Protein chains: 4
Amino acid sequence: MTTTYNDKQIQIIESAETLFAEKGFNGTSVRDIAEKANVNLAMISYYFGSKDKLLEALFSYRGEYLKITLENMMGDGTMSSMDKMNTVIDHYIDKVMKQQCFSRIMMREQVLNHTGFTAKLIFEMKKRNQELISRLIHDGQRKGEFRKNIDIPLMMATLIGTANTIVATQHYYREINNLQTLSDEDFQKHMKKKLSQHLKKLFKAILTHEE
Amino acid sequence: MTTTYNDKQIQIIESAETLFAEKGFNGTSVRDIAEKANVNLAMISYYFGSKDKLLEALFSYRGEYLKITLENMMGDGTMSSMDKMNTVIDHYIDKVMKQQCFSRIMMREQVLNHTGFTAKLIFEMKKRNQELISRLIHDGQRKGEFRKNIDIPLMMATLIGTANTIVATQHYYREINNLQTLSDEDFQKHMKKKLSQHLKKLFKAILTHEE
Amino acid sequence: MTTTYNDKQIQIIESAETLFAEKGFNGTSVRDIAEKANVNLAMISYYFGSKDKLLEALFSYRGEYLKITLENMMGDGTMSSMDKMNTVIDHYIDKVMKQQCFSRIMMREQVLNHTGFTAKLIFEMKKRNQELISRLIHDGQRKGEFRKNIDIPLMMATLIGTANTIVATQHYYREINNLQTLSDEDFQKHMKKKLSQHLKKLFKAILTHEE
Amino acid sequence: MTTTYNDKQIQIIESAETLFAEKGFNGTSVRDIAEKANVNLAMISYYFGSKDKLLEALFSYRGEYLKITLENMMGDGTMSSMDKMNTVIDHYIDKVMKQQCFSRIMMREQVLNHTGFTAKLIFEMKKRNQELISRLIHDGQRKGEFRKNIDIPLMMATLIGTANTIVATQHYYREINNLQTLSDEDFQKHMKKKLSQHLKKLFKAILTHEE
DNA sequence: AATGAATGAGAATTCATTCAT
DNA sequence: TATGAATGAATTCTCATTCAT
């Protein structure tokens with residue numbers, strides 16, 4: 001099922017990713033991509049058929065991430081549900097930060113009235129995540145760790161919305177907190193830690209505090 | 001400073017808004033806008049100079065909202081800081097839900113590496129909001145209502161990210177919660193109430209709970 | 001129903017006609033047409049929407065011919081059926097020779113497995129002509145002028161096939177008959193006369209001779 | 001002189017023939033042909049050099065037909081000239097019907113202002129046929145079977161034009177005569193018989209009737 | 001002998017904008 | 001003030017062909 005891409009194709013996909021993140025899908029021309037990827041213009045059609053199909057390829061290239069490790073963890077009897085949730089949070093943050101470009105693209109694309117392949121893919125990712133989280137939460141509720149009446153979609157929106165917003169506007173965050181002196185790497189670490197603490201705190205409040 | 005627009009111009013701006021929200025800025029052609037607004041194609045260039053300038057016009061048309069009422073409230077000595085914060089939350093939710101199209105556009109545009117007018121405008125909105133919130137929080141801290149060490153940008157990211165994400169993906173929310181039978185209006189009310197409760201709970205946790 | 005075209009449009013249509021006749025529809029680029037018509041490349045899309053639509057326009061521009069005069073003649077009680085048929089023949093030859101380019105295009109296009117507008121238009125022309133002829137023939141049969149058992153489609157194929165083939169290969173005809181010394185105009189006249197005599201003779205044989 | 005083609009080449013040529021007949025030469029891409037022939041794309045260039053050369057190959061592959069049997073018949077002293085002519089007619093019909101695709105292609109290509117190989121080939125075929133027919137007719141005239149003053153090119157145009165037109169538009173013919181219930185094979189036989197009768201009748205009229 | 005990968009040239013079309021009126 | 005007509009530039013994509021292997 002999972003397509004594998006050769007070096008040239010990956011080169012193209014990753015160049016496209018950067019550009020789509022910077023200028024949007026429609027704002028990026030196939031010419032731009034060819035130039036950035038250092039390949040012949042026609043090669044993009046040759047390999048992917050069309051610009052749309054290239055976007056699809058990008059989604060299947062990036063879409064696989066995350067799944068497996070989390071699903072393994074779910075059955076672990078030694079971890080508390082809250083620990084599991086915190087692991088999920090860290091995994092999600094990790095993903096968003098590792099795939100910043102792709103996250104931007106997804107964030108943008110999900111807002112449009114898409115009907116195509118990507119819309120379906122985004123929907124499926126969402127659903128899969130939703131199901132994972134639901135199971136986790138219901139487990140926690142059964143064990144008495146989590147309170148009843150949790151609005152999962154809202155909770156997810158907080159996870160996704162907060163992480164993506166802060167990453168998308170990280171230069172504001174850096175400026176406001178006077179972190180320009182930090183190296184890029186250190187800043188990323190710093191932001192990641194802060195974001196992790198913040199979201200864990202929020203989730204604790206959502207999952208355990210009585211009204 | 002604030003430009004006023006005539007009927008034709010507003011017609012154009014609002015048509016553009018809907019289309020930009022649906023199909024993105026680059027995905028919308030000036031022709032589309034002219035058609036939707038029922039005006040002559042050339043009139044758009046005539047009135048706004050260019051498509052970019054039209055986007056700017058949209059931002060200044062929609063950007064004004066919110067400011068004043070909140071600024072008046074700030075000085076009010078009879079309200080607790082938490083009440084004020086809750087009012088801000090409701091105001092923001094209100095804005096996002098009333099201006100769903102515009103919110104989508106902003107969400108999309110803020111992600112791009114813009115260098116133009118809109119980037120500046122978005123930055124200024126953000127800054128103004130940030131300052132408002134900062135004042136409010138520092139007041140609360142001074143009065144002992146709020147705890148120390150609050151990461152304001154992260155908190156803002158949660159407000160903005162959660163609200164926009166849930167609005168942008170409201171059809172998922174509706175489906176998952178089996179709310180298709182509600183009228184559109186009732187669904188909006190329902191979502192708004194839930195979102196308000198959710199965010200207020202989160203803010204309470206952020207602002208008052210000890211680690 | 002009948003669209004009217006402005007000067008620019010006619011200029012484009014007629015340039016396209018010549019080129020389509022010379023090099024075929026697919027062998028002609030929009031660029032070629034624009035050049036020949038001395039108009040901007042984009043104007044063709046502007047006026048006709050697409051190359052296909054331009055072909056349609058050509059067909060409706062040229063397709064009207066012939067109809068009316070013949071239909072008037074049909075009711076004429078003073079003419080014999082054979083006279084009427086001879087008039088039809090002359091009209092058809094006239095049309096093919098006046099619209100040589102268009103005739104070539106039709107001849108080519110009718111051979112393809114078209115499914116679009118032009119196929120429908122050709123079919124309708126054929127049908128209309130067929131009906132006209134059928135009425136004429138049945139009249140003649142009722143009056144005892146024509147014999148029974150006439151295969152009308154075959155007869156039509158002879159009319160259409162002979163006229164178009166001779167026109168399409170007129171340079172052979174000219175060469176073989178050593179008519180290069182004639183002026184173009186005189187040659188056309190000559191060919192027309194010969195073709196007319198030939199077809200009338202054939203039709204007389206078809207319509208009146210006993211087996 | 002006559003090239004022989006190996007299996008792969010014939011596979012390619014015949015696939016090309018079908019496609020050229022369906023969609024025209026310019027409407028058919030080398031990719032289409034490779035796909036239909038189930039061969040590698042590059043093999044077409046490899047074997048034939050270019051698309052144009054492939055068309056030439058098709059013409060020499062199909063062009064040989066007919067010649068020999070007819071030339072043998074010419075010298076036969078036992079047949080009347082009219083019998084010979086009828087044999088030629090049947091042979092031609094046979095050829096057009098057996099090589100329907102190729103006939104369509106020839107019909108289309110002869111209409112274009114070609115200057116290349118195919119134009120020459122078509123011209124030579126025409127000339128050869130013309131000469132054959134001329135000899136036959138002059139024989140008949142010498143023997144008193146045929147009348148004087150026969151316009152051979154016009155007569156040929158009737159043979160070629162009628163046969164090709166009826167074959168190219170056979171679905172009309174079938175529909176109009178309500179022959180949809182016949183099997184394809186039976187319909188072909190029916191059409192062939194009718195066409196043969198029709199043309200023989202016409203030729204008799206041309207060749208023998210006094211004005 | 002055969003082919004997968006690659007490409008330059010050119011295809012049709014759409015775009016935002018301009019300009020004469 | 002408003003607009004129909006027009007256009008240069010850029011878009012995506014397809015094409016026949018080549019070439020290293």
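Proteins get letters first, then strands, A, B, ... in listed order; numbering begins at 1 in each. Not measured: the values here are computed from a predicted model.
B:Lys53 has its NZ atom 15 Å from the C1' atom of E:dT18, to the nearest Å. Spacing between atom CD1 of B:Ile12 and atom P of E:dT17 amounts to 14 Å, rounded to whole angstrom units. Atom CD in C:Gln11 sits roughly 15 Å away from atom P in F:dA5 (whole-Å rounding). Computed from coordinates, the D:Gln9 CD to E:dA2 C1' distance equals 13 Å when rounded to whole Å. For the pair D:Phe20 CZ and F:dA16 C1', the interatomic distance rounds to 12 Å; values are reported in whole Å. Regarding B:Asn6, its CG atom lies at a distance of 8 Å from the P atom of F:dA2, rounded to whole Å. Across the protein-nucleic acid pair, A:Ile33 atom CD1 and F:dT11 atom P stand 11 Å apart, rounded to whole Å. Taking atom CG on D:Leu55 and atom P on F:dA16, their separation rounds to 13 Å, with Å as the unit.
Applying the salt bridge (Lys or Arg N to Asp or Glu O under 4.0 Å) test to residues at least two apart or on different chains, none of the pairs has a partner in residues 40-52 of chain D. Sorted by first then second residue, the salt bridge (Lys or Arg N to Asp or Glu O under 4.0 Å) pairs that include residues 32-42 of chain D, not counting sequence neighbours, are D:Lys23-D:Asp32. The stretch residues 22-57 of chain B participates, sequence neighbours left out, in these ring pair (Phe, Tyr, Trp, His ring centres under 6.0 Å) pairs: B:Phe20-B:Phe25.
Place D:Thr28 and B:Arg31 on DNA chain F by their nearest nucleotides, and B:Arg31 ends up nearer the 5' end. Mapping C:Asp32 and B:Gly27 onto DNA chain E by nearest heavy atom places C:Asp32 at the nucleotide closer to the 5' end. Heavy-atom nearest nucleotides on DNA chain E were determined for B:Val30 and for C:Lys51, and the one closer to the 5' end corresponds to C:Lys51.
Using a 4.5 Å cut-off on side-chain heavy atoms (C-beta onward), A:Met106 and A:Met125 make contact.
The shortest heavy-atom contact between C:Leu41 and C:Val30 is CD1-CG1, 3.7 Å. Taking both residues in full, the closest heavy atoms of A:Val39 and A:Lys8 are given as CG1-CD, 3.9 Å, listed atom of the first, atom of the second, then distance. Residues A:Glu109 and B:Arg108 share a closest heavy-atom pair of N-NH1, 4.4 Å. The shortest heavy-atom contact between A:Ile105 and A:Ala21 is CG1-N, 3.7 Å.
Looking at residues two or more places apart in sequence or on another chain, you find no side-chain hydrogen bond (donor to acceptor under 3.5 Å, both in side chains) involving C:Glu56.
Distances shorter than 4.0 Å separate some side-chain N or O of A:Ser29 from OP1 or OP2 on F:dT11. Listed pair C:Lys8 / F:dA6 meets the phosphate criterion, a side-chain N or O lying under 4.0 Å from OP1 or OP2.
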remark   = The dot-bracket string of DNA chain F, counting Watson-Crick and G-U wobble pairs with both distances under 3.5 Å, using [ ] for crossing pairs and | for pairs to another strand, is .||||||||||||||||||||

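Residues of residues 37-47 of chain B having a heavy atom closer than 4.0 Å to DNA chain E, listed by number: B:Leu41, B:Ala42, B:Ser45.
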